[in-house]
Amino acid sequence: MDEQSRCVLRRIFQRIPSKNIEKLLKSWNCLAADQLRALDYTRPKWTIVENIISFCEDKRLNLKHITKLEMINRMENPDQGTWHTCQLVEAQDDAVCVELTQFKEQFKAHLHRVIRNISIKVKKHEDDALWIRIAWGDNFNKPNHLKPTYVVHHLHTSYVFICNLMAKHKILLYQALRVSTKYGSIKDGHLSTRSLTAMRSLLLRHYQQVFPNNHSRILGERNALPSHPCIEKEHAAHEEIRHQLACEAFGDGPTPKLENAVYRLETRYRGNTNATLSDQEDLFRGVVKFSSSSLLQSLRHCVASGMVEGPVTPLLSAITQRGRNYFVITDKGPGVPS
C-alpha cells in the first residue's frame, strides 16, 4: 500500500468516532474475520488505525479499496460537509429512458476525454441514489484523493447535490451531467446546507405537506401546540387559522432540517422626505440571515404560536415552495441572481 493510500485511510478515520469503526469495517468487508477479531476497540483511536493500516498492507489492499471504504462512510453519514444543489433543465425526449449503465458509461467517458488524470467511482445506494466520487487531476498531476468531489443524483429527477467542488471543475462536471442525463442545461438551485438529508427531503417532497383548506380545522390532536388555557379560551378560532397557515407554509410533522436562509437586499430608498437619499442612484445593499438548528420548525412555531402575524410572507414560504434558502430582494420583488 503506497503513501497516498495510507494518507487517505488516516483521513477517513480522523472523522469517524471510535465507536463506529467496527461497524464501518464490517460494511467494508475487505479485512479477514480473524483480523477484525484481533482489533481492540477499547484502545486509543490512533492505535486502532495503525493496526488497521498494518492489516491492509498484509492483505495488499490498494487505493481502489480505500476509496470504496470512504464512499461507504459518506453514504452512511450523508450530512457531512456543505452540500449545494443544482437543477437540470430543458430535458430531451429520451431523458426519461436513461438507465444506470448508460449514465455511468457516458458520464465517465466524457470526463476521461477532457481530463487525462481523473478517478471516478459511481455506486448506487439502497435508496436508489447514485453516489459519484471524483478525484480531480489534470494533464500533469495525478488525482488528488484527499479532496474528492461528491455528487448525488436520483435518476429521472432534475436535482443534483454536490459537495466540495472547486470553481475550475464546475463547468466540466456540469457538462458531464448534461450529457449523461440528456438535459439541455443546468443551473444553480440556490440551496445549500450541511444536511444532504434535509435538501433531498425539501426538493423531493419527502415530508408531510399540507395544502390550503378553505374550511379552517385543527390538523390533528397529535400535532396540537401546547398553549396557556386562558390564551386558548380567548383565541381558539385564531389559533386554528394560525396552525393551518403555518403547516401550509412549512409542512406538518417533522420538517427538513435546514439551518439557515439568506436574503440579499438590493433596493432603493422610497419617499420624498430625504432628497439626498431619493436622488441616489446606487442601490442599498445588505444581507439578512436567519439561522436555527431547525429553521423550518422554528418558523412554523413562530407562525402557529402567534409570535409573528399571518398569513406567512412569501419571502419565508418560498423556502419550501421554491426549494431555496438563498434569495435576492430587489425593487421588483424577491428573485435570484442572474
Donor on one side chain, acceptor on other, Thr149 and Trp136, under 3.5 Å: yes
Expected output: side-chain Ser195 to main-chain Ala198 donor-acceptor under 3.5 Å: yes
Non-hydrogen side-chain atoms of Gln92 and Asp94 separated by less than 4.5 Å: yes
Atom of Tyr207, atom of Pro254 and distance for their closest heavy-atom approach: CB-O, 4.1 Å
Positive for salt bridge (Lys or Arg N to Asp or Glu O under 4.0 Å) with Glu50, one of Arg10, Lys45, Arg43: Arg10
Flag side-chain contact, heavy atom, 4.5 Å: Glu266 against Arg264: yes
Joint hydrophobic cluster, Leu25 plus Phe55, side-chain heavy atoms closer than 4.5 Å: yes
Single-linkage hydrophobic cluster, 4.5 Å side-chain cutoff, Val98 and Val152 together: no
Distance, nearest 0.5 Å, that separates CD1 of Ile115 from CG of Asp138: 8.0 Å
Verify same cluster id: Tyr174, Ile120 (apolar side-chain graph, 4.5 Å): yes
Any donor-acceptor N/O pair, Gln35 side chain to Ala32 backbone, under 3.5 Å: yes
Step-by-step side chain to side chain contact (heavy atoms under 4.5 Å, CB included) determination, Cys30 to Leu69: CA-CA 9 Å; Cys30 282; Leu69 174 66; over 6 Å; no
Ionic contact status for Glu70 with Arg133, cut-off 4.0 Å: yes
Residue pair His190 / Phe327, side-chain heavy-atom distance below 4.5 Å: no
Minimal non-hydrogen separation, Tyr159 against His153, with atom names: O-ND1, 3.0 Å
Flag side-chain contact, heavy atom, 4.5 Å: Thr313 against Leu316: yes
Under 3.5 Å donor-acceptor, His243 side chain and Ala304 backbone: no
Lys257 and Leu296: CA distance, side-chain angles, deciding distance, side chain to side chain contact (heavy atoms under 4.5 Å, CB included) verdict: CA-CA 7 Å; Lys257 197 175 181 181; Leu296 298 180; over 6 Å; no
Polar side-chain atom of His84 near backbone of Phe161 as donor-acceptor pair, under 3.5 Å: no
Nearest heavy-atom neighbours spanning Ile319 and Leu202: O-CD2, 3.7 Å
Donor-acceptor pair, side chain of His65 and main chain of Asn62, under 3.5 angstrom: yes
Heavy atoms of other groups near Lys170 NZ, more than 12 under 6.0 Å: no
Distance, nearest 0.5 Å, that separates CZ of Phe13 from OG of Ser18: 10.5 Å
Steps toward side chain to side chain contact (heavy atoms under 4.5 Å, CB included) verdict (Phe107, Leu177): CA-CA 7 Å; Phe107 184 85; Leu177 287 169; 3.9 Å; yes
Straight-line distance of Thr85 OG1 to Lys187 NZ, nearest 0.5 Å: 10.5 Å
Closest contact, heavy atoms only, Ile12 versus Ile66: CD1-O, 3.7 Å
Single-linkage hydrophobic cluster, 4.5 Å side-chain cutoff, Tyr183 and Ile132 together: yes
Separation of Trp83 CH2 from Leu191 CG (nearest 0.5 Å): 13.0 Å
Distance-only donor-acceptor check, side chains Asn51 and Ser54, under 3.5 Å: no
Charged tip of Arg74 within 45° of Tyr150 ring normal and under 6.0 Å: yes
His145 vs Leu63 side-chain heavy atoms within contact, under 4.5 Å: yes
Any donor-acceptor N/O pair, Asn141 side chain to Gly137 backbone, under 3.5 Å: no
Heavy-atom pair of closest approach, residues Val89 and Ile186: CG2-N, 4.4 Å
Leu146 atom CG: more than 12 heavy-atom contacts under 6.0 Å: yes
Over all atoms of both residues, closest heavy-atom pair of His110 and Val179: ND1-CG2, 4.2 Å
From CA spacing to verdict: side chain to side chain contact (heavy atoms under 4.5 Å, CB included), Val287, Leu265: CA-CA 6 Å; Val287 175; Leu265 311 179; over 6 Å; no
Exceeds 12 heavy-atom contacts within 6.0 angstrom, atom CG of Asn139: yes
No-hydrogen, no-angle side-chain donor-acceptor test under 3.5 Å, Glu240 and Gln244: no
Check: Asn325 side chain, Asn260 main-chain N or O, donor-acceptor pair, under 3.5 Å: yes
Distance in Å, Gln87 CD paired with Asp188 CG, rounded so as to fall on 0.5 Å steps: 10.5 Å
Side-chain heavy-atom pair Ile52, Ile21 within 4.5 angstrom cut-off: yes
Residue pair Asn164 / Thr82, side-chain heavy-atom distance below 4.5 Å: no
N-O pairing of Lys23 and Glu76 below 4.0 Å: no
Over 12 non-hydrogen atoms of neighbours within 6.0 angstrom of NZ in Lys123: no
Check: Arg300/Gln297 side-chain N/O donor and acceptor closer than 3.5 Å: yes
Test salt bridge (Lys or Arg N to Asp or Glu O under 4.0 Å) applied to Arg200 and Asp127, Asp128, Asp79, the passing residue: Asp127
Ile162-Met199 co-clustered via ILVMFWY side chain contacts under 4.5 Å: no
Gap separating the OG atom of Ser291 from the CG atom of Leu258, nearest 0.5 angstrom: 11.5 Å
Non-hydrogen side-chain atoms of Phe103 and Leu155 separated by less than 4.5 Å: yes
